[in-house]
Trainee: 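To start, I am sharing the structure in question, which I have written as structure tokens.
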Amino acid sequence: MISLLFFVRLLMMKEISVFFPAYNEEGNIKNVIEKACSVLEKLGFKNWEIIVVNDGSVDKTSEIVRKISDKDSRIRLINHETNRGYGAALKTGFYNSSYSWIAFTDSDGQFDFSEINNFIRKQKETNADLVIGFYKKRQESKFKIITSKIWELVVFVLFGLKVKDIDCGFKLISKKVIDSIPKLESERGAFISSELLIKAKKKGFKIVEIPVSHFPRRKGKATGRDIRVIVRSFYDLFRLWFKML
Ligand SMILES: Nc1nc2c(ncn2[C@@H]2O[C@H](COP(=O)(O)OP(=O)(O)O)[C@@H](O)[C@H]2O)c(=O)[nH]1
Ligand SMILES: [Mg+2]
């Protein structure tokens, strides 16, 4: 009975855009797309699309995605000519998504996309506008975990925003939220998630959190803690703070 009810409610979310920011993910992207396709088919969405935002990769990411998208019009490739950064990749994904719900995860295989089911269930239970993940156990170095916590403390002090893992790369967001924030600014740094949540909260959208699994990166190289990413993230953070003062 409960599962029947859940199925009926699931049908209420009829359409979804899913996007993957990708920078040099030739070892991961095919699996990530195939897994997402099979999950979306299983969940029975009437309309869905997958967008890969290739952020100026210099490996074979673009060719691999092109081969897949040539065979299925629901899968789209958007290329940045050069590498612009994680924030820019997310913005391209947000502003090119067609459907009323938008989900994204990293394209490095560190998340299990089938957990989108939990996000949808949580959205139905709470009627939230944003369902954001937090790591059950983050599979990263102590350095990364500690720097993230320092970052979250600064965001809390400056903006009063408190969530468990601000930058967790698995989120489900209503398109209403994105439509109401047409000018996300963050490009190079990692400020984008904080910027989105700060602005969404200010507009009164409902944010809820759920635990997600996280796996070690098996292929490719993480670049999320390069020095220019860190510097740019703090620059963007203080710039928004000054603006909002
Ligand atoms: N680091 C980084 N990741 C990008 C960029 N553009 C897109 N991405 C994607 O963003 C996701 C997170 O990147 P990753 O380096 O694994 O960051 P981390 O998991 O925080 O260390 C991956 O799917 C990347 O392919 C970029 O310029 N830099
Ligand atoms: Mg990663």
Trainee: Can you confirm if the aromatic rings of Phe94 and Phe19 lie within a centre distance of less than 6.0 Å?
Mentor: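 Ring-ring flag for Phe19/Phe94: true, centres closer than 6.0 Å.
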Trainee: Which word best sums up how the rings of Phe170 and Phe111 line up, parallel for under 30°, tilted for 30 to 60°, or perpendicular for over 60°?
Mentor: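 Aromatic pair Phe170/Phe111 classed perpendicular.
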Trainee: Test of understanding: clusters of I, L, V, M, F, W, Y form through side-chain heavy atoms closer than 4.5 Å, transitively. Do Ile50 and Met13 belong to the same one?
Mentor: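 Yes.
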Trainee: Nearest 0.5 Å, what's the CZ-CG distance between Phe205 and Leu197?
Mentor: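 Those atoms lie 12.5 Å apart.
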Trainee: Taking the side chain as C-beta and beyond, is there a heavy-atom pair between Lys221 and Asn24 under 4.5 Å?
Mentor: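 The answer is no; the side chains never approach within 4.5 Å.
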Trainee: So which atom in Ser194 and which in Trp151 form the shortest heavy-atom distance, rounded to 0.1 Å?
Mentor: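 Residues Ser194 and Trp151, closest heavy atoms: OG-NE1, 3.1 Å.
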Trainee: For Phe134 versus Asp165, what's the shortest heavy-atom pair and its separation?
Mentor: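 Heavy-atom minimum between the residues: CB-OD2, 3.5 Å.
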Trainee: Do other residues, nucleotides or ligands put more than 12 heavy atoms under 6.0 Å from Lys67 NZ?
Mentor: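 Not buried by this count: 12 neighbours or fewer within 6.0 Å.
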Trainee: Test of understanding: clusters of I, L, V, M, F, W, Y form through side-chain heavy atoms closer than 4.5 Å, transitively. Do Val53 and Val58 belong to the same one?
Mentor: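 Result: no, two separate clusters.
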Trainee: Report yes if the side chains of Leu77 and Asn79 come closer than 4.5 Å at any heavy-atom pair, otherwise no.
Mentor: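 The answer is yes; the side chains approach within 4.5 Å.
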Trainee: Which residues pass the salt bridge (charged side-chain N to carboxylate O under 4.0 Å, His left out) test with Lys175, sequence neighbours left out?
Mentor: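 Counting only residues at least two positions away or on another chain, Lys175 forms a salt bridge (charged side-chain N to carboxylate O under 4.0 Å, His left out) with Asp179.
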Trainee: Where the side chain of Asn28 meets the backbone of Lys219, is there a donor-acceptor pair that is under 3.5 Å apart?
Mentor: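 Here the side-chain-to-backbone pair exists.
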Trainee: Check the pair Val18, Thr105 against side-chain contact (heavy atoms from CB on, under 4.5 Å), reporting the backbone distance first and the verdict last.
Mentor: CA-CA 8 Å; Val18 176; Thr105 75; over 6 Å; no
Trainee: Measure the spacing between CD1 of Ile181 and CD1 of Ile198 and express it to the nearest 0.5 Å.
Mentor: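 The CD1 atom of Ile198 is 10.5 Å from CD1 of Ile181, to the nearest 0.5 Å.
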Trainee: Is any side-chain heavy atom of Leu240 closer than 4.5 Å to a side-chain heavy atom of Phe191?
Mentor: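 Side-chain contact under 4.5 Å: yes.
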Trainee: Out of curiosity, does Phe215 fall in the hydrophobic cluster containing Tyr135 (side-chain heavy atoms, cut-off under 4.5 Å, transitive links)?
Mentor: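 Different clusters.
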Trainee: For Ser97 and Ile51: C-alpha separation, side-chain torsions, deciding distance, then whether side-chain contact (heavy atoms from CB on, under 4.5 Å) applies.
Mentor: CA-CA 8 Å; Ser97 289; Ile51 300 168; 4.1 Å; yes
Trainee: For the side-chain hydrogen bond (donor to acceptor under 3.5 Å, both in side chains) test, which of Gln139, Glu140, Arg218 pairs with Gln110?
Mentor: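 The option that passes is Glu140.
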Trainee: Please find the pair of heavy atoms, one from Gly133 and one from Cys168, that lie closest to each other, and give the distance.
Mentor: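 Heavy atoms only, the tightest pair is O-CB, 3.2 Å.
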Trainee: Under a 4.5 Å side-chain heavy-atom rule over Ile, Leu, Val, Met, Phe, Trp and Tyr, are Leu153 and Trp241 clustered together?
Mentor: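 The answer is no; the residues belong to distinct hydrophobic clusters.
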Trainee: Determine the interplanar angle of the Phe20 and Phe113 rings, folded into 0 to 90°, and report it as parallel if under 30°, tilted if 30 to 60°, perpendicular if over 60°.
Mentor: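 Rings of Phe20 and Phe113: perpendicular, over 60°.
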Trainee: In terms of side-chain heavy atoms, does Glu115 have a donor or acceptor partner in Asn118 at a distance below 3.5 Å?
Mentor: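 Their side chains do not contain a donor-acceptor pair, so the 3.5 Å distance test is not met.
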Trainee: Ignoring hydrogens and geometry, is there a side-chain-to-backbone donor-acceptor pair from Asp59 to Thr61 under 3.5 Å?
Mentor: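 Yes, Asp59 side chain to Thr61 backbone: donor-acceptor pair under 3.5 Å.
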Trainee: Donor-acceptor pairs under 3.5 angstrom involving side-chain atoms of residues 31-40: please list them, not counting sequence neighbours.
Mentor:
unit_1 : atom_1 : unit_2 : atom_2 : d
Glu34  : OE2    : Lys30  : NZ     : 3.2
Lys35  : NZ     : Asp112 : OD1    : 2.6
Ser38  : OG     : Lys35  : O      : 3.2

Trainee: Could you measure the distance from the CZ atom of Arg232 to the CZ atom of Arg188? Nearest 0.5 Å is fine.
Mentor: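 If we round to the nearest 0.5 Å, Arg232:CZ and Arg188:CZ are 9.5 Å apart.
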Trainee: Minimum heavy-atom separation for Ser193 to Asp167, with atom names?
Mentor: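 Closest approach of Ser193 to Asp167: CB-OD1, 3.5 Å.
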Trainee: Answer yes or no: does atom NZ of Lys136 have more than 12 heavy-atom neighbours from other residues, nucleotides or ligands under 6.0 Å?
Mentor: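 Yes, because the 6.0 Å sphere around NZ of Lys136 holds more than 12 heavy atoms from other groups.
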Trainee: Nearest 0.5 Å, what's the CG-OG distance between Asn83 and Ser57?
Mentor: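 One gets 7.5 Å once the value is rounded to the nearest 0.5 Å.
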Trainee: Would you check if the side chain of Arg76 reaches a backbone N or O of Asn96 as a donor-acceptor pair within less than 3.5 Å?
Mentor: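 Side chain of Arg76 to backbone of Asn96, a donor-acceptor pair under 3.5 Å: yes, one is there.
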Trainee: Quick one: closest heavy-atom pair of Ser148 and Arg138, and the distance?
Mentor: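 So the two residues come closest at OG-NH1, 3.0 Å.
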Trainee: Any ion pair linking Lys60 and Glu63 (charged N to carboxylate O, less than 4.0 Å)?
Mentor: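 No salt bridge links Glu63 with Lys60.
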Trainee: In terms of side-chain geometry, is the basic nitrogen of Lys122 or Glu209 positioned less than 4.0 Å from the acidic oxygen of its partner?
Mentor: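 Looking at Lys122 and Glu209, the cut-off is not met.
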Trainee: I'd like to know if the side chain of Lys206 and the backbone of Thr126 have a donor-acceptor N/O pair within less than 3.5 Å.
Mentor: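 Here the side-chain-to-backbone pair exists.
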Trainee: Looking only at atom types and distance, does a side-chain atom of Gln123 sit under 3.5 Å from a main-chain N or O of Leu130, one as donor and one as acceptor?
Mentor: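 No; zero donor-acceptor contacts below 3.5 Å.
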Trainee: What is the distance from atom CD1 of Ile16 to atom CD1 of Ile120, rounded to the nearest 0.5 Å?
Mentor: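 Separation between the atoms: 5.0 Å.
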Trainee: Between Val177 and Ile102, is a side-chain contact (heavy atoms from CB on, under 4.5 Å) present by the stated rule, with each step listed?
Mentor: CA-CA 10 Å; Val177 177; Ile102 303 170; over 6 Å; no
Trainee: How about Tyr99 and Phe45: are their ring centres within less than 6.0 Å of each other?
Mentor: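 For Tyr99 and Phe45, the ring centres are not under 6.0 Å apart.
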Trainee: Would you tell me whether Ser100 and Glu15 have side-chain atoms, one donor and one acceptor, within less than 3.5 Å of each other?
Mentor: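 On atom types as modelled, these side chains qualify, holding a pair under 3.5 Å.
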Trainee: Heavy atoms only: give me the nearest Ser17-Ser98 pair and the separation to one decimal.
Mentor: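 Here Ser17 and Ser98 meet closest at OG-N, 3.2 Å.
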Trainee: For the pair Glu185 and Arg239, find out whether any cationic side-chain nitrogen is under 4.0 Å from an anionic carboxylate oxygen.
Mentor: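 Judged by the 4.0 Å cut-off on N to carboxylate O distance, Glu185 and Arg239 do form a salt bridge.
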Trainee: Taking 4.0 angstrom as the limit, do Arg74 and Glu49 come out as a salt bridge?
Mentor: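 No, Arg74 and Glu49 are not salt-bridged.
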Trainee: Which residues satisfy the salt bridge (charged side-chain N to carboxylate O under 4.0 Å, His left out) test with Asp129, sequence neighbours excluded?
Mentor: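 Here the qualifying residues are Lys176.
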Trainee: To the nearest 0.5 Å, tell me how far Trp101 CH2 sits from Leu172 CG.
Mentor: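 Output value for this atom pair is 5.5 Å.
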Trainee: Could you tell me whether the side chain of Asp236 reaches within less than 4.5 Å of the side chain of Ile192, counting heavy atoms only?
Mentor: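 Side chain of Ile192 against side chain of Asp236, heavy atoms only: no contact under 4.5 Å found.
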Trainee: Pick one: which of Val131, Val212, Leu43 meets side chain to side chain contact (heavy atoms under 4.5 Å, CB included) with Ile116?
Mentor: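 Looking at Val131, Val212, Leu43, the match for Ile116 under the side chain to side chain contact (heavy atoms under 4.5 Å, CB included) is Leu43.
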Trainee: Might you work through the side-chain contact (heavy atoms from CB on, under 4.5 Å) test for Ile230 and Tyr235, ending with a clear yes or no?
Mentor: CA-CA 9 Å; Ile230 296 177; Tyr235 175 81; over 6 Å; no
Trainee: Are more than 12 heavy atoms from other residues, nucleotides or ligands located less than 6.0 Å from atom CZ of Phe156?
Mentor: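 Check fails, neighbour count at 12 or below.
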Trainee: Less than 4.5 Å apart, any side-chain heavy atom of Ile78 and any of Asn54?
Mentor: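 No - every pair of side-chain heavy atoms lies 4.5 Å or more apart.
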Trainee: In terms of hydrophobic clusters joined by side-chain contacts under 4.5 Å, are Val154 and Phe242 together?
Mentor: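 Yes, one cluster joins them.
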